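Just so it is clear, the structure is predicted and the values come from calculations on it, not from any experiment. When reading the values below, keep in mind they use all heavy atoms of this one structure, side chains included, and skip hydrogens, waters and symmetry mates.
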Amino acid sequence: MTEQEYLQWEKEAIERGYKKYNTTSSSNDYSYFKTIGKNDRGYKYMIEWRVWDWHKYIDKDPTLKDKPYSLEVNIMPDSCAYDMRLDFLIGNPLKFGFDKIEEIAQRYHQFLELEGLIVNK
């Protein structure tokens, strides 16, 4: 994505309650997280927008100059009934936008509950 697209996306992410963290769940540069259903025993799920900042590679690959950012989304449910992770990864999430990503996350969590894969806290 272009610099302008990224700045627009980042502004909306912050307005929607996502918080930037330099720690990530992948090899990306940093992430914006939003926790849903947080209480003293955990949370229902987190939505992580993973950000890759390609500026550091522009000297090696000038084609990155036009689109120096990329994103993907990781939906991370908490309280799995078994000792496993059931993350849901979405590549190219800008095709959906924030509203649809948040809807997908909610529906994915509901599906896991219906299948008995989530322990309600």
Side-chain angles (χ1 to χ4, degrees):
M1 72 193 316
T2 68
E3 187 94 26
Q4 184 62 31
E5 289 169 328
Y6 174 77
L7 293 173
Q8 219 173 347
W9 172 86
E10 183 180 50
K11 182 178 184 273
E12 185 173 354
I14 292 167
E15 288 171 355
R16 288 175 164 267
Y18 288 86
K19 294 186 174 119
K20 183 179 180 179
Y21 292 93
N22 288 323
T23 57
T24 72
S25 67
S26 182
S27 62
N28 55 300
D29 293 290
Y30 53 90
S31 296
Y32 280 83
F33 285 91
K34 186 175 187 179
T35 304
I36 309 298
K38 187 174 183 177
N39 61 41
D40 60 340
R41 295 171 300 203
Y43 58 89
K44 286 186 176 184
Y45 55 91
M46 282 194 293
I47 302 171
E48 175 192 18
W49 286 81
R50 296 174 175 171
V51 179
W52 276 267
D53 181 347
W54 303 114
H55 283 95
K56 59 189 167 281
Y57 300 111
I58 289 175
D59 289 343
K60 295 176 184 167
D61 185 354
T63 63
L64 296 171
K65 184 177 179 183
D66 295 331
K67 294 192 175 186
Y69 293 97
S70 61
L71 302 171
E72 73 181 5
V73 166
N74 187 28
I75 299 165
M76 298 177 284
D78 191 22
S79 308
C80 294
Y82 307 99
D83 186 20
M84 68 173 112
R85 296 214 25 189
L86 295 169
D87 293 2
F88 188 109
L89 189 62
I90 300 171
N92 201 2
L94 293 176
K95 288 185 177 185
F96 296 109
F98 284 100
D99 288 336
K100 190 65 174 176
I101 291 294
E102 291 177 5
E103 178 187 335
I104 290 168
Q106 180 184 21
R107 288 180 180 219
Y108 180 57
H109 187 267
Q110 289 170 341
F111 165 77
L112 294 175
E113 283 182 318
L114 285 171
E115 293 298 316
L117 296 170
I118 295 287
V119 177
N120 290 318
K121 293 181 177 185

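Side-chain atoms of Glu5 and Tyr69 form no donor-acceptor pair, as typed in the model, at a separation below 3.5 Å.
Taken to the nearest 0.5 Å, the CG atom of Asp59 stands 10.5 Å off from the NZ atom of Lys65. The distance from the CD1 atom of Ile75 to the CD atom of Glu102 is 10.0 Å, given to the nearest 0.5 Å. Between Asp66 atom CG and Trp54 atom CH2 the span is 15.5 Å, to the nearest 0.5 Å. To the nearest 0.5 Å, atom CZ of residue Phe33 and atom OH of residue Tyr21 are 8.5 Å apart.
Contact detail for Asp78 and Tyr43: the closest heavy-atom pair is CB-O, 3.0 Å. Minimum heavy-atom separation, Trp52 to Ser27: NE1-O, 3.8 Å. For Ile104 against Ile90, the heavy-atom pair with the smallest separation is CG2-CD1, 4.1 Å. Across every non-hydrogen atom of Gly91 and Glu72, the tightest pair is CA-CB, 4.3 Å. Ala105 and Ile47 make their closest contact through CB-CD1, 3.7 Å (heavy atoms, listed as atom of the first residue, atom of the second, distance). Listed here is the closest heavy atom pair of Leu71 and Pro93: O-CD, 3.4 Å.
The cluster map of Ile, Leu, Val, Met, Phe, Trp and Tyr, joined by side-chain heavy atoms under 4.5 Å apart, puts Leu94 and Tyr18 in the same cluster. Linking Ile, Leu, Val, Met, Phe, Trp and Tyr residues whenever their side-chain heavy atoms come within less than 4.5 Å leaves Leu114 and Leu86 in two separate clusters. Cluster membership check: Leu89 does not share its hydrophobic cluster with Val51, using side-chain heavy-atom separations under 4.5 Å among Ile, Leu, Val, Met, Phe, Trp and Tyr.
Pairs passing the salt bridge (charged side-chain N to carboxylate O under 4.0 Å, His left out) check and including a residue from residues 85-101, sequence neighbours excluded, read Arg16-Asp99, Arg85-Asp87, Lys100-Glu103.
Atom NZ of Lys60 sits in a sparse spot, with 12 or fewer heavy atoms from other residues, nucleotides or ligands closer than 6.0 Å. Under a cut-off of 6.0 angstrom, the local environment of NZ in Lys34 is crowded, with over 12 non-hydrogen atoms contributed by other residues, nucleotides or ligands. Under a cut-off of 6.0 angstrom, the local environment of OH in Tyr30 is crowded, with over 12 non-hydrogen atoms contributed by other residues, nucleotides or ligands.
Remark: side-chain polar atoms of Asn74 are not paired, donor with acceptor, to backbone N or O of Glu48 under 3.5 angstrom. When atom types are taken as modelled, the side chain of Asp53 and the backbone of Asp29 share no donor-acceptor pair closer than 3.5 angstrom.
The side chain to side chain contact (heavy atoms under 4.5 Å, CB included) check on Gln106 picks up Tyr45, Gln110, with sequence neighbours excluded. With sequence neighbours excluded, the residues that form a side chain to side chain contact (heavy atoms under 4.5 Å, CB included) with Glu115 are Phe111, Leu117.
The ring-ring contact (aromatic ring centres under 6.0 Å, His included) test with Tyr32 singles out one residue from Trp9, Tyr6, Trp49, and that residue is Trp9.
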Show your reasoning for whether side-chain contact (heavy atoms from CB on, under 4.5 Å) applies to Met1 and Gln8.
CA-CA 11 Å; Met1 72 193 316; Gln8 219 173 347; over 6 Å; no
